[in-house]
Amino acid sequence: MSENTTAKKTGVDKLIDGIEKVCNKLPPPAILFCWLFLITAIIGCIFSVMGVALTNPASGEVVTSANLFSKDGVDWILGNMVKNFTGFAPLGLVITMTLGIGLCEESGMLISMLNSSLKNVPAAMIPYVIAFVGTVGNIASDTAMVVIPPMAAIVYMGVGKHPVVGMMVGYAGAQAGFTANLMVAGTDTLLQGLTNDAIKAFIPDTTFQVDPTCNWFFMIFSTFLCAAVIGFCSVHMIEPRFGKYEGAGEAKLEEVTPQQKKGLNAAALTAIIYIIIIAIGFFTGLLSGENGAFIGSPLLKGLIPILFVLFCLCGLAYGFTAGTFKNAVDVNKAMSTQMAGMGSYVLFCFFCGQFQGLFNWTKLGTLLAIAGADGLEAAGFTGIPLCVAFILLCSFVNIFVSSGSAKWAIFAPIFVPMFMLLGYHPGFTQLLYRIGDSPFNCWTPMSAYIWMILSVAQTKYVPDLKIGTLISNMIPMSIVLQIAWIIVVVIWMSIGLPFGPGVGVALPAGIL
């Protein structure tokens, strides 16, 4: 969507146009990752021959790059090519959730539900609502990136906005706001464990540690910050560039018919019964973690199949009650219709899986993270410049290495002790990492989910849409969010507000 509908282009528009023009010259996703695979193999070979080696502070092991052009490399590719594809995590998640959501969409339940709930919501509020839902939806982890954007597209069409913009806003909320939430999520527990490991390695005899709630207060505020910034950028930077959508998939929010109301009631009753069954399973210990905990429970770990069954049951209940489904043939046709557009995404997953497998096997991501951490440590920054530099380092590395926990496993043993020696609380150090690790998630081409968004948008709304359009429009959004987050954390530090219960900027006295 490089054509700006406004009469005069601003500097931001020209910048976005330039980024879009460059990114649109990228080859198709499958070919792009073939080239990335080859480049990674060559770099790994060069580093291996040069003997590049760095010490991983997380394990104390010396990390060296692997060479694909060797006997070990040949053994690896022959033994892992199929595994790289079938074990590519986004593939199973996307296909599973596409089946469930597609059944709801083909039955007509989604549009009826949106007609019922959003008919009276002002169109001007929709971007902020979608961004907020995307942000809080990330408590379901990667599932939010698959579930929310398609629904957001329907909502946007219903209020006369472009569906691709809706997909980007929902995706940015789930990705760029990935660490923000109103509730303590699995991310909090995962990062907190790595932080405590770093503390323990630095001070073996200490009982001092951080809790999963160490960033909770700031994350609650960040949820609303993400919604406000993403919504604002959508309205003022992105929507004017797309204009009015005129396509075959156009939808409109209308009054719900009596038959549709019956279908919604049947779906709601089905959902309530299903949720009650899940709750009984949780409180009886069948779906709970140790000592009845929610974090780490089978309920949280198995959220994808649980949601898949929920969507399927609700879609079936609505379809047969509202009359959109007559028999099993209609149900099969509905699922087939949704899956028909997934061919290009499956093709992409094969080649992206090979690239990510090689990238991990050559240890280039680990070497990049260690080198960046060593460089920042040697720079000699202190105070706020150190905090900002650390955030920006995390942002840069995040473009190439998407796993937040993998990066923190490398960074924590370096920066937690380093910041503790400077008088900073480990919970605060963890917060800085989370701020840097989040915003650029929404546009990095290393994320499989942006290619899923592209595939769905091409199939349903804009056949000639290119990756450059998505990336170029989400980069400014992520930059504004990153700047806003840095400003807020600096103000938060200056005022002395707690980032979580008992967690401030300063390390408690007597720890060192």
Side-chain angles (χ1 to χ4, degrees), residues 93-121 126 129-130 133-134 136-137 140 143-159 163 166-167 170 174 248-281 299 302-342 452 456 459-461:
L93 169 60
V94 170
I95 290 180
T96 301
M97 296 312 298
T98 297
L99 281 171
I101 298 170
L103 197 59
C104 292
E105 184 176 350
E106 293 296 321
S107 71
M109 190 191 84
L110 284 186
I111 189 63
S112 295
M113 184 175 66
L114 296 174
N115 282 335
S116 177
S117 60
L118 296 177
K119 185 68 171 66
N120 297 320
V121 175
I126 291 297
V129 172
I130 294 298
V133 171
V136 298
T143 310
M145 275 82 95
V146 182
V147 174
I148 294 172
M151 293 185 178
I154 296 174
V155 174
Y156 262 60
M157 282 195 298
V159 295
M167 296 187 78
E250 188 171 2
K252 185 179 181 180
L253 296 184
E254 300 173 343
E255 293 295 334
V256 179
T257 66
Q259 195 67 20
Q260 289 172 338
K261 288 182 179 179
K262 290 181 180 179
L264 288 175
N265 290 336
L269 179 61
T270 301
I272 291 171
I273 294 173
Y274 182 76
I275 291 171
I276 291 174
I277 293 173
I278 295 296
I280 292 173
L299 175 61
L303 194 58
I304 294 171
I306 289 174
L307 288 176
F308 170 74
V309 174
L310 174 63
F311 285 136
C312 288
L313 292 177
C314 290
L316 291 172
Y318 176 90
F320 283 107
T321 303
T324 51
F325 290 157
K326 304 295 184 182
N327 48 46
V329 175
D330 292 338
V331 176
N332 185 78
K333 183 179 178 181
M335 291 189 291
S336 298
T337 300
Q338 288 294 318
M339 292 307 298
M342 296 302 295
M452 183 274 294
V456 173
T459 301
K460 294 187 175 182
Y461 307 117

Ser107 vs Leu103, side chain to side chain contact (heavy atoms under 4.5 Å, CB included): CA-CA, chis, key distance, verdict: CA-CA 6 Å; Ser107 71; Leu103 197 59; 5.9 Å; no
Test log, rule side chain to side chain contact (heavy atoms under 4.5 Å, CB included), inputs Val456 and Lys460: CA-CA 6 Å; Val456 173; Lys460 294 187 175 182; 4.1 Å; yes
Side chain to side chain contact (heavy atoms under 4.5 Å, CB included) between Tyr318 and Ser112, intermediate numbers included: CA-CA 10 Å; Tyr318 176 90; Ser112 295; 2.6 Å; yes
Side chain to side chain contact (heavy atoms under 4.5 Å, CB included) assessment of Leu99 paired with Phe311: CA-CA 9 Å; Leu99 281 171; Phe311 285 136; over 6 Å; no
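Interatomic distance, Ile277 CD1 to Ile272 CD1, rounded to the nearest 0.5 Å: 12.0 Å. With rounding to the nearest 0.5 Å, the separation of CG in Leu316 from SG in Cys104 is 8.5 Å. Within the model, atoms CG of Asn265 and OG1 of Thr270 stand 10.5 Å from one another, a figure rounded to the nearest 0.5 Å. One finds the NZ atom of Lys333 at 7.5 Å from the CG atom of Asp330 (value rounded to the nearest 0.5 Å). Rounding to the nearest 0.5 Å places CD1 of Ile275 at 9.0 Å from CD1 of Ile278. Interatomic distance, OG1 of Thr98 versus CE of Met335, reported as 13.0 Å (0.5 Å rounding).
Considering all non-hydrogen atoms of both residues, Ile306 and Tyr274 come closest at O-OH, 2.8 Å. The heavy-atom pair separating Ile101 from Val146 by the smallest distance is CD1-O, 4.0 Å. In plain terms, the two heavy atoms of Ala152 and Met167 that are nearest each other are CB-N, 4.4 Å. The minimum heavy-atom distance between Thr96 and Phe308, with the atom names listed, is O-CD1, 3.2 Å. Between Met109 and Cys314 the shortest heavy-atom distance is SD-O, 3.6 Å. Scanning both residues, Thr321 and Gln259, for their nearest heavy atoms gives O-NE2, 2.7 Å.
Residues Thr324 and Glu106 are not in side-chain contact: their nearest non-hydrogen atoms beyond the backbone lie 4.5 Å or more apart.
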